[in-house]
A.B. asks: 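Can you keep this structure in mind? I'll have questions shortly.
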Amino acid sequence: MIRRALNTDLTDRWLRRLTAGAAVLMAAWFALRPWLSRAWREPGSPELYLTGVAGALLLLLPVAFVLAKRGGRSRAPRAWFNAHVVCSVLGAVLIVIHSGGFLRRPPALLLLAIVALALLGVWARLRGSRQMSATFSTKQPSFARPDPIARERLRELIARKRALLERLDPAAQEGTFSVTLSHFARQPRLAYAYQRLARAESRLLGTRRAVGAAQAWWRPLHMAIAWIFVLGVLIHVLTVTFFAGYVADGGVITWWHLAQW
Ligand code: HEM
C-alpha cells in the first residue's frame, strides 16, 4: 500500500493539507511550549538533540533524491519526489521543535532557509506547474523560430554536441540526452564540455527569457538555497561537536560532543 501511495501523483489538495498540517503542528508546539518540561525547551538536551538529528536526516533525504536522479539511478522518480516532499515537511517540523524556539543565533538562519525552500517548492507545485503547461501549449513567443544566423549557430552547436556524445555515451540520442553524475564520474572533461554546449544552446534559443522570471529562476534559486542549507547544517553539526565550549558560551555542555574548543 505504501508503495502504491508513493507512486501516485501528489495532488494539490494533498500538498495543501500536508503543509497546513505542518504549520498547525509547529504553532501548537509553540503554544504548548511554556508547559513543556525543560528538556523539551532547551536545544542542547538529549531529547532535542535527537529530534535535531532525526529532522536533519529527513531534510537531507532530498539530497539523496537529487543524487539518485542525477545519477540516472532512480527507477521510480515519482516515488522519490513524493518522499522528498513528505520527508522535508516532517523534517521541518522536527527542526522547529529542535530549535527550542531559540532564534537569535546563526543556526536560526537555517530555519529561514527551510521556510524559503518550502515556499518555493509549494509555489512551483501549485502555480509554477500550471504556468509551465501554459507555456508548452503556446507558440509565441516561447518557441518562436530563431533568425537565420542563430539557426546556423544552432546547427553548428548541435553537430558539436552529437560528435561529443559519440564519445561520451554512444548509445544515447542527442535530443533526449542529459548529463548525469555517472558521466561526470567516468569522463568529467567530456561531460563538462557537453554541459557547456547544452547551456549555450538554451541561451541561443532564449528558453529562460521566453518563460518569464518566476518560471525561469525558481529552480536554480531552490537548488542554490538547498546547497547553502546543506553547507550550513554541516557547519552547525561541526560547531556543536567540536566547538561545544564556544557554543555553550561558558555554560554547561549538555549534548554529545568530541571537543570543547
Ligand atoms: C536542519 C538542521 C538543523 C537546524 C536548522 C538546526 C537549528 C538549530 C537552532 C535554531 C538551534 C538553537 C540555537 C541557539 O541555541 O540559539 C540549534 C541548537 C542546537 N543544535 Fe541544531 N539544527 C539542525 C540540526 C542539528 C543536528 C543534526 C545536530 C546534532 C548533530 C544539532 C545540534 C544542536 C545542538 C547541540 C544545539 C544546542 C546549542 C546551544 O545550546 O546553543 N542540530 N539548532
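The figures that follow rest on heavy atoms only: side chains count, while hydrogens, waters and symmetry mates do not. Each ligand, and each atom within it, is numbered from 1 in the order the structure gives.
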A.B. asks: In ligand 1, which numbered atoms sit nearer than 4.0 Å to a non-hydrogen atom of Val233?
C.D. replies: 1 (C), 2 (C)

A.B. asks: Does the residue Ala108 have a heavy-atom contact with ligand 1, meaning some pair of atoms that are separated by less than 4.0 Å?
C.D. replies: yes

A.B. asks: Can you list the atoms of ligand 1 that are under 4.0 Å from a heavy atom of Gly44?
C.D. replies: 37 (C)

A.B. asks: Under 4.0 Å from a heavy atom of Arg105: give me the atoms of ligand 1 that qualify, with their elements.
C.D. replies: 15 (O), 16 (O), 41 (O)

A.B. asks: Checking contacts here: is it the side chain or the backbone of Arg104 that comes within 4.0 Å of ligand 1, counting heavy atoms only? Could be both or neither.
C.D. replies: neither

A.B. asks: Could you identify the single nearest non-hydrogen protein atom to atom 14 (C) of ligand 1 and state the distance to 0.1 Å?
C.D. replies: Phe102 CB, 3.8 Å

A.B. asks: Minimum heavy-atom separation for Ala108 to Leu103, with atom names?
C.D. replies: CB-O, 3.5 Å

A.B. asks: Can you list the ligand 1 atoms lying under 4.0 Å from a non-hydrogen atom of Val247?
C.D. replies: 38 (C), 39 (C), 41 (O)

A.B. asks: When you check the side-chain N and O atoms of Thr239 and His236, is any donor under 3.5 Å from an acceptor?
C.D. replies: no

A.B. asks: Taking only non-hydrogen atoms of Trp256, do any sit less than 4.0 angstrom from ligand 1?
C.D. replies: no

A.B. asks: Under 4.5 Å between any side-chain heavy atoms of Val237 and Val233, yes or no?
C.D. replies: yes

A.B. asks: Check all N, O or S atoms of His98 and name the one closest to atom 21 (Fe) of ligand 1.
C.D. replies: NE2

A.B. asks: Taking all non-hydrogen atoms of both residues into account, name the closest pair between Ser45 and Thr254 and its distance.
C.D. replies: N-OG1, 4.0 Å

A.B. asks: Can you check which of Pro106, Gly52, Pro107 brings a heavy atom nearest to atom 11 (C) of ligand 1?
C.D. replies: Pro107

A.B. asks: Below 6.0 angstrom between ring centroids: does that apply to Phe177 and His183?
C.D. replies: yes

A.B. asks: Where does Trp255 meet ligand 1, judged by heavy-atom distances below 4.0 Å: at the side chain, the backbone, both, or neither?
C.D. replies: side chain

A.B. asks: Taking C-beta and beyond as the side chain, do Leu48 and Thr51 meet within less than 4.5 Å on heavy atoms?
C.D. replies: yes

A.B. asks: Can you name the one residue among Leu59, Val53, Leu61 that meets side chain to side chain contact (heavy atoms under 4.5 Å, CB included) with Leu57?
C.D. replies: Val53

